[in-house]
There are 2 protein chains.
Amino acid sequence: MPHESTRLSARDWARAALTAIADGGLAAVAVEPLARTLGVTKGSFYAHYRNRDELIAAALAEWRTHCEDGLADFAAITDPARRLRELLTTVVRSVRPLVPSVHLSLLGDRNDPRVAEAVGHVDQARLDLLATTYRELGLPSARAAARARVAYAAILGLSHLAQTDPDAPRSTVLANEAATVFLPPVRASRHASVPKE
Amino acid sequence: MPHESTRLSARDWARAALTAIADGGLAAVAVEPLARTLGVTKGSFYAHYRNRDELIAAALAEWRTHCEDGLADFAAITDPARRLRELLTTVVRSVRPLVPSVHLSLLGDRNDPRVAEAVGHVDQARLDLLATTYRELGLPSARAAARARVAYAAILGLSHLAQTDPDAPRSTVLANEAATVFLPPVRASRHASVPKE
DNA sequence: GCGTATCAATACGCCACCGTATCAAGGAGA
DNA sequence: TCTCCTTGATACGGTGGCGTATTGATACGC
């Protein structure tokens, strides 16, 4: 049988490792099972990486750049209110289904220093963007950072709940609730506009 | 030298398995390493459980009852406003440090059906308590469920951030922000004590 | 005190995966 | 065309963990 599919590259292995991480965590990044799913034997793996650790590092790097690229799309939105709304609704609807899976699975391996470093950077970048957005919306710096933290926490948790619960709860009610909770940024002033129903 | 420590029981093994889960996920529940940390050999393990799966099941059951017990403490608070505030501040301060670690580590193994079942039940119980609280505070049922979901998501995410970030962010600023975001549900009661800075 | 059930140690076979040769193509450039 | 480099296959040893005897030691009921 001739090789109808082209040969594999190092990125192919990294991507396969990422999908393995998405369901199974770091423990699922094993050379021989990965080779099986790719349809080759592990002999070819060691032509691209020296060992398993290098593959894990490459997969984490791939994930980080992927996350940063996704973040750049939101950072390009100039209007802070619209940017915030986009961030929230995107998460509620779980538009990008792959990325949060990787993120969640990595939580299980958060004690691994490489994982901690990658997750920490991704979290920090997202927190920075959220904090900047809230500052642009008028919140003082400390409160902007705090609210960014709470909002990002909700984002993480919602993606978690969406993945563990079988019933799809990305309803408009949920989106509205998240919006009323996190959208009005500055209701701390005197004429505090408490969200009404 | 006499045996200063008493012999081990099945619960000892389950508890050791839980702490192993807390840092390392299900993959860390290995009989021989566990026996090493307990100071015995694995020969004794098979006197308490038939195999590794039984140990995992016992550990998950132990975790569930532990979570339910912790939830009962909050459910005992009759005043819904105070109950909500306790729930939020407890999480922000990360009073119970063990439980969330287990919960987070289990996220990495959320594809395991046993884990999915346990996590699903724990999540559901907490969501129910939160939704009831919001209903008691005057929110209509659908919105109460939605806001409970968002609030619980934030709780989960905050505990995640607290564990991955090195800097301790359980500041009062954060607690205040979480309170202003999630506490005033509908300002239902007359003298609703909205926390002011 | 004696026997019995429980807890623990040792030893063994088994399997999955890692890593290292070593070899066989197949393609790009001289 | 010939040669080298890359990709991939095969085989081997090593390690870690699971599960199963088998046996020794200890506590507890009687």
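Each chain gets a letter, A, B and so on, in the order the sequences are listed, and its residues count up from 1. Both backbone and side-chain heavy atoms feed into the values below; hydrogens, waters and symmetry mates do not.
- Under the side-chain hydrogen bond (donor to acceptor under 3.5 Å, both in side chains) criterion, N51(B) pairs with no residue, sequence neighbours left out.
- For E54(B), the side-chain hydrogen bond (donor to acceptor under 3.5 Å, both in side chains) partners two or more places apart in sequence, or in a different chain, are R50(B).
- In this entry the distance linking CG of L38(A) with P of dA9(D) reads 11 Å, nearest Å.
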Using atom types as modelled, flag every donor-acceptor pair under 3.5 Å from a side chain in residues 28-46 of chain B to any protein atom, sequence neighbours excluded.
residue: E32(B); atom: OE2; partner: K42(B); partner atom: NZ; Å: 3.1
residue: T37(B); atom: OG1; partner: L34(B); partner atom: O; Å: 2.8

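- Rounded to an integer number of Å, the gap from CH2 of W13(A) to P of dG8(D) is 8 Å.
- The end-to-end axis angle of the helix from dG1(C)-dC30(D) to dA30(C)-dT1(D), rounded to 10 degrees and based on five pairs per end, is 10°.
- OP1 or OP2 of dA8(C) lies within a sub-4.0 Å distance of a side-chain N or O belonging to H48(B).
- In this view, D23(B) and N111(A) satisfy the side chain to side chain contact (heavy atoms under 4.5 Å, CB included) rule, not counting sequence neighbours.
- Atom OH of Y49(B) is separated from atom P of dA8(C) by 13 Å (rounded to the nearest Å).
- For D112(A), the salt bridge (Lys or Arg N to Asp or Glu O under 4.0 Å) partners are R114(A), not counting sequence neighbours.
- Between R126(A) and Y152(A), the side chains place a donor N or O and an acceptor N or O closer than 3.5 Å (distance only, hydrogens not considered).
- Under the side-chain hydrogen bond (donor to acceptor under 3.5 Å, both in side chains) criterion, R83(A) pairs with T133(A), E136(A), sequence neighbours left out.
- T65(B) is linked by a side-chain hydrogen bond (donor to acceptor under 3.5 Å, both in side chains) to nothing, counting only residues two or more places apart in sequence or in another chain.
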So if I define the base as every atom that isn't primed, P, OP1 or OP2, how would nucleotides 9-20 of chain C read as a B/S/- string at a heavy-atom cutoff under 4.0 Å? BBB-----BBBB
